[in-house]
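Values below: all heavy atoms of this structure, side chains included; hydrogens, waters and symmetry mates excluded. Indexing begins at 1, ligand by ligand and atom by atom, following the structure's order.
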Amino acid sequence: EKGGWSSFMAKEISEQPEAVLKTLLGRVENKKVVLPDLGVLAEHLEAIDRIVIIACGTASYAGMLGKYALEKWARIPVEVQLSHEFRYEDPVLTPNTLVISISQSGETMDTLMAVKYAIEAGARTLSICNTQGATIARESDAVIYTHAGPEVAVASTKAFVAQIAALYLFGLHLASVRDTLPAAEIAAALDELQAIPAKLEKVLLTAPRIRELAGWMSDTRAVLFLGRHVGYPVALEGALKLKELAYIHAEGFAAGELKHGPIALIEPGQPVFVVVPSPRDPNSLHAKVVSNIQEIRARGARILAVAEQGDAAVLPFADEVIPIPLAGALFEPLLAVVPLQIFAMELATAKGLDVDQPRNLAKSVTVE
Ligand code: F6R
């Protein structure tokens with residue numbers, strides 16, 4: 001079933017272009033989003049005044065990316081909550097609140113309980129789910145299925161990129177319904193989305209180099225991940241993958257937070273992955289992240305940068321640059337996450353660990 005791959009995880013990482021492609025399939029027509037999936041929810045979209053995204057683990061990082069996109073495109077307030085915290089916060093929910101759950105399995109008990117809570121409180125519910133007919137999908141008012149195909153490896157990879165694609169489709173649809181984005185901008189964003197599968201193929205070509213790097217780092221005790229704006233959830237995801245697969249202490253930070261404490265962790269030789277925003281970023285975040293890199297490099301950090309190809313500003317300060325193709329700011333995470341997935345898998349492999357079945361973990365967490 002692994003079809004020549006050394007693990008299901010390796011296979012699923014390689015299937016990411018297809019996972020995005022299939023999630024978009026039939027949902028973009030004439031530069032517009034078509035989502036018949038929304039069913040009864042469609043008539044309530046105009047009245048929605050707030051969105052709460054609930055999920056756990058990797059799915060929650062897809063949710064964070066969904067927040068950036070939905071707020072930017074549909075100008076609607078979005079908050080992201082871990083499913084298991086949500087109910088205990090006495091959340092403010094009304095019939096105009098849309099609660100979006102994200103779950104690969106559709107069976108995660110924490111998320112299911114949160115969805116049931118939202119339904120009882122009278123909120124509208126939408127699920128983004130990778131498993132046909134799963135409980136969370138059945139409970140929700142509507143479901144947008146991600147078509148990543150079955151994910152067997154415990155660590156989520158292809159489901160994550162498919163979740164982002166589904167959230168972005170929904171965000172662009174919402175923008176069109178609410179008239180918050182000109183049709184030309186929606187069309188341009190859809191073009192970006194449809195260009196992702198081919199760009200993912202290019203990112204996958206970095207795998208041999210990442211395997212080499214990981215091979216040299218098998219006795220590493222801690223790895224830090226930095227990102228900013230949409231690079232921040234990518235950093236969190238890179239750290240989670242490394243913890244669960246390679247059993248290495250890893251932490252993701254928002255790069256701007258460094259000087260507020262975490263920079264004290266930097267000592268000579270400390271590996272730090274940095275997800276670098278595009279130099280074309282209109283908010284000049286690129287320059288800020290490059291200056292973060294200089295600060296930690298001066299303290300001896302070993303910099304592994306995931307940066308846009310041709311980004312010359314990063315080169316002098318990085319020990320290694322993993323290039324990703326050019327993409328619009330919101331779309332970079334779909335590409336930047338892949339080298340981090342591969343790194344975690346290869347480091348675990350170098351340590352002789354089972355990447356498909358990490359210790360203490362189950363594919364679907366059906367207890368609270
Ligand atoms: C990380 C991972 C977990 C899941 C989380 C949610 O690699 O697999 O963090 O993402 O348990 O699972 P689903 O999406 O099935 O609700």
Side-chain angles (χ1 to χ4, degrees), residues 7-13 15-16 19 23 53-66 80-87 99-116 118 125-140 143-167 225 233-248 250-252 333 337-338 340-345 347-348 353-368:
S7 62
F8 280 104
M9 188 179 178
K11 174 172 178 274
E12 289 161 8
I13 285 175
E15 288 170 345
Q16 295 186 103
T23 299
I53 298 179
I54 50 173
C56 304
T58 293
S60 76
Y61 304 142
M64 288 172 72
L65 294 168
V80 186
Q81 265 302 351
L82 293 168
S83 312
H84 37 87
E85 288 292 320
F86 172 70
R87 285 187 290 156
V99 175
I100 305 179
S101 62
I102 310 173
S103 176
Q104 187 285 131
S105 61
E107 303 295 346
T108 299
M109 187 58 78
D110 287 321
T111 303
L112 174 61
M113 297 309 281
V115 170
K116 287 190 169 166
T125 52
L126 168 66
S127 82
I128 292 182
C129 178
N130 196 46
T131 312
Q132 289 287 328
T135 313
I136 292 171
R138 282 188 278 116
E139 291 282 335
S140 307
V143 51
I144 301 177
Y145 281 109
T146 45
H147 296 298
E151 198 178 59
V152 177
V154 163
S156 190
T157 54
K158 63 178 181 173
F160 177 69
V161 290
Q163 284 159 353
I164 302 167
L167 281 162
F225 293 79
V234 175
L236 294 173
E237 172 62 0
L240 177 60
K241 288 278 107 70
L242 199 60
K243 286 178 233 191
E244 64 180 335
L245 293 164
Y247 318 151
I248 289 176
E251 220 176 327
V337 72
V338 177
L340 307 187
Q341 297 167 338
I342 297 173
F343 178 74
M345 177 179 71
L347 195 42
L353 303 172
D354 179 344
V355 295
D356 286 339
Q357 280 293 343
R359 69 184 179 201
N360 309 342
L361 290 171
K363 182 62 184 160
S364 144
V365 186
T366 51
V367 290
E368 271 189 271

Asks: Using a 4.0 Å cutoff against the non-hydrogen atoms of A59, which atoms of ligand 1 qualify?
Replies: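 Listed by number with element: 10 (O), 14 (O).
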Asks: So, for I102 and A62, which heavy atoms are closest and what is the spacing to 0.1 Å?
Replies: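 The answer is CD1-C, 4.3 Å.
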Asks: Only heavy atoms count here, so choose which of C129, P358, S105 is nearest to atom 15 (O) of ligand 1.
Replies: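 Nearest option to atom 15 (O) of ligand 1, by heavy atoms: S105.
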Asks: Using a strict 4.0 Å cut-off to heavy atoms of S103, name the atoms of ligand 1 that fall inside it.
Replies: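 Answer for ligand 1: 13 (P), 14 (O), 15 (O), 16 (O).
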Asks: Looking only at non-hydrogen atoms, find the nearest pair between A137 and Y145 and report the distance.
Replies: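 Smallest heavy-atom distance, with atoms named: CB-OH, 3.5 Å.
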Asks: Indicate the atoms forming the closest heavy-atom contact of V154 with P358, along with that distance.
Replies: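 Closest approach of V154 to P358: CB-CD, 3.6 Å.
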Asks: Go through the side-chain N and O atoms of E237 and Q341 and say whether any donor and acceptor fall under 3.5 Å apart.
Replies: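 No.
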Asks: Between K363 and E151, is there a side-chain N and carboxylate O pair less than 4.0 Å apart?
Replies: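 Counted as a salt bridge, because a side-chain N and a carboxylate O are separated by less than 4.0 Å.
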Asks: Can you see whether S83 engages T111 through a side-chain donor-acceptor pair at a distance of less than 3.5 angstrom?
Replies: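 Present: a donor and an acceptor within the cut-off.
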Asks: Give the numbers and elements of all ligand 1 atoms closer than 4.0 Å to a heavy atom of C56.
Replies: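 With C56 as reference, the close atoms of ligand 1 come out as 5 (C), 6 (C), 10 (O).
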Asks: Can you confirm whether the side chains of E107 and T135 place a donor and an acceptor under 3.5 Å from each other?
Replies: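 Yes, because at least one side-chain N or O of E107 sits under 3.5 Å from a partner of the opposite role on T135.
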Asks: What atoms of ligand 1 come within less than 4.0 Å of a heavy atom belonging to G57?
Replies: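 So the atoms of ligand 1 that pass are 9 (O).
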Asks: Check ligand 1 against E244 and write out every atom of the ligand that is under 4.0 Å from a heavy-atom position of the residue.
Replies: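 This gives 1 (C), 7 (O) as the contact atoms.
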Asks: Please verify whether a non-hydrogen atom of K241 lies at under 4.0 Å from ligand 1.
Replies: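 Contact present.
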Asks: Evaluate K363 for polar contact with ligand 1, using N/O atom pairs at a separation under 3.5 Å.
Replies: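 No.
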Asks: Would you mind running through ligand 1 and noting each atom that sits below 4.0 Å from a heavy atom of V154?
Replies: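 Counting from 1, the qualifying ligand atoms are 8 (O).
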